[in-house]
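Reading through the structure tokens given below for one structure.
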Amino acid sequence: MTQSQSRPRTPAPWHPPAQEREGLWIFTRLRDFIDDIANTSPARLALTAFGAVCTVFTFLLSLPVSSADGTPTPFHQALFTAVSAVCVTGLTVVSTAVHWSFFGQLVILVGIFIGGLGTLTLASLLALMVSKRLGVRGKIIAAESMNNAGRLGEVGTLLRIVITTSVVIEGILALTLIPRFLTLGEPFWQSVWHGIFYSISSFNNAGFTPHSDGIVPYETDLWILIPLMVGVFLGSLGFPVVMVLQQNGLNWKKWNLHTKLTIQVSLILLAAGTFLWALMEWDNARTIGPMGLGDKITHSLFASVMTRSGGFNLVDQNHMESTTKLLTDALMFAGGGSASTAGGIKVTTIAVMFLAIVAEARGDADVKVYGRTIPQGTMRVAISVIVAGATLVSVSAFLLLQFSGASLDRVLFETISAFATVGLSTGLSAEVPPEGVYVLTALMFAGRVGTVTLAAALALRQRSQLYHYPEERPIIG
């Protein structure tokens, strides 16, 4: 027997067809690419994820099936609506109830739900779905987006809690609203659709409405107004705060600093906004002047809640006093809580800067509150977020003034509403030419992902230095 005959023949390894190998190679490279970004630059992954989602929803809304008349929607209108939905803004260039078919409205609603989860949450979910894991840096930034509500090993659990919390709260709101629409004479399935739409739109602070005249017909209906206000307020607190409330209830001593500051500043802004809005509009015959005392208080409270990111309105924004518009601008720019469905520079940013001013006025070396010292790095991030937000609004307002020729107060109102993802409008969004629409679209995207991503990126960019230059203090003020 020869040597070749004595050895058993080893079967040749199996190789998939060339086309299949190519497909697997592309998937592997995509997985490695996303995994690398998640571990090295989670902030860039957040931008990529949100940009991809906006692209997909723009394509869906541009299809003929998405419009009520069966014709393709122009690109700038589809893009604006998709970004407005995914960035949970609520600004529109076409009527949501009239222009879009049921399919189009469903696409908008799904976009609101996905966008409401947040940029960092969406990026973390993308990394988990594609690469099946998060690296250390990805877990750190995901945990920081939840205000370190759990340990690094619990990031996947935290993400599930975020989705579960959203679904449960939106489900409760829907079950509250559906019976009211039924009692108002709407058909059963239409009532179900409107209840679900308003629950998702309110909790995610989106401000989209499936009715052509919005919620104005329900301006005295507390059965509808109260659930909308509760949904918007809970959504504006943020998932970290909601999770702390779930774990510790109303036990103030067990709340962390972020929860204390968020709730305290939110309640202060809510009370101050209600009082000032009522004071400025009390005798305005075009808004709440002719109403009774109870309706005036309801309108004022509703306006204060919605101004900071909700986007629903009971009065025409063009009919408000100039002072009320300026107040609205300030409240919109402030926004809601961090890692929430609200926009703006966030209430904790305002709290940190206010505490820093108080500490400077007192001559304190540290910024202290509730027995805690706020790190210097946190204050630098807060300053960066405020300056970045003001810069985005200023540049966009300048461009919009050039493109639209509208008055400064209307342009400033629209740009702040877009940046803060509020959705209140003087109607300017529907009046500007396509280039103005693109400016507002970019501003909504930047407002939703820009400041949050900037804050998250800066939080991880802590470099150790082995030397320091001599200090020299420039003249300030």
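Because the structure is a prediction, the values reported are computed rather than measured.
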*Would Phe419 and Phe333 satisfy ring pair (Phe, Tyr, Trp, His ring centres under 6.0 Å), going step by step from the backbone distance to the final call?*
CA-CA 8 Å; Phe419 163 76; Phe333 191 75; 5.7 Å; yes
_N/O donor-acceptor pair under 3.5 Å between Ser309 side chain and Gly336 backbone_ = no
*Quick one: does Glu414's side chain have a donor or acceptor within less than 3.5 Å of a partner on Ser425's backbone?*
no
_Exam field: side chain Arg308 to backbone Leu331, donor-acceptor pair closer than 3.5 Å_ = no
*Could you tell me whether a side-chain N or O of Thr262 sits under 3.5 Å from a main-chain N or O of Thr259, the two making a donor and an acceptor?*
no
*Closest non-hydrogen atom pair between Ser417 and Gly423, with its separation*: OG-N, 3.0 Å
_Student check: side-chain heavy atoms of Phe103 and Val107 closer than 4.5 Å_ = yes
Please tabulate, for the side chains in residues 232-241, all donor-acceptor contacts under 3.5 angstrom to protein atoms that are two or more places apart in sequence or on a different chain.
{"from": "Ser236", "atom 1": "OG", "to": "Val232", "atom 2": "O", "distance (Å)": "3.4"}
{"from": "Ser236", "atom 1": "OG", "to": "Phe233", "atom 2": "O", "distance (Å)": "2.7"}

*What is the minimum heavy-atom distance between Pro217 and Gly214, and which atoms define it?*
CD-O, 3.6 Å
*Please report the closest heavy-atom contact between Met332 and Ala420, naming both atoms and the distance.*
O-CB, 3.0 Å
*So does Phe59 have more than 12 non-hydrogen atoms from other groups sitting under 6.0 Å from CZ?*
no
*Between the main-chain N or O of Thr341 and the side-chain N or O of Asn205, is there a donor-acceptor pair closer than 3.5 Å?*
no
*So, does Glu170 use its side chain to make a donor-acceptor pair with the main chain of Ile196 at under 3.5 Å?*
no
_Could you check whether any side-chain N or O of Trp223 sits under 3.5 Å from a backbone N or O of Thr176, counting only pairs where one atom can act as donor and the other as acceptor?_
yes
*Test side-chain hydrogen bond (donor to acceptor under 3.5 Å, both in side chains) on Gln317 and Thr426 and set out the steps.*
CA-CA 5 Å; Gln317 305 300 295; Thr426 60; over 6 Å; no
*Are the side chain of Ser396 and the backbone of Leu443 linked by a donor-acceptor contact shorter than 3.5 Å?*
no
*If only atom types and distance count, is the side chain of Ser101 paired as donor or acceptor with the main-chain N or O of Val65 below 3.5 Å?*
yes
*With a 3.5 Å cut-off and no angle check, do the side chains of Arg180 and Thr183 form a donor-acceptor pair?*
yes
*asked:* Is it the case that the side chain of Ser66 and the backbone of Ser62 share a donor-acceptor pair, with hydrogens and angles ignored and the cut-off at 3.5 Å?
replied: no
_The single option from Leu61, Thr92, Val94, Thr81 passing side-chain contact (heavy atoms from CB on, under 4.5 Å) against His99_ = Val94
*At their closest point, which heavy atom of Leu225 faces which heavy atom of Thr220, and how far apart are they?*
CD1-N, 4.4 Å
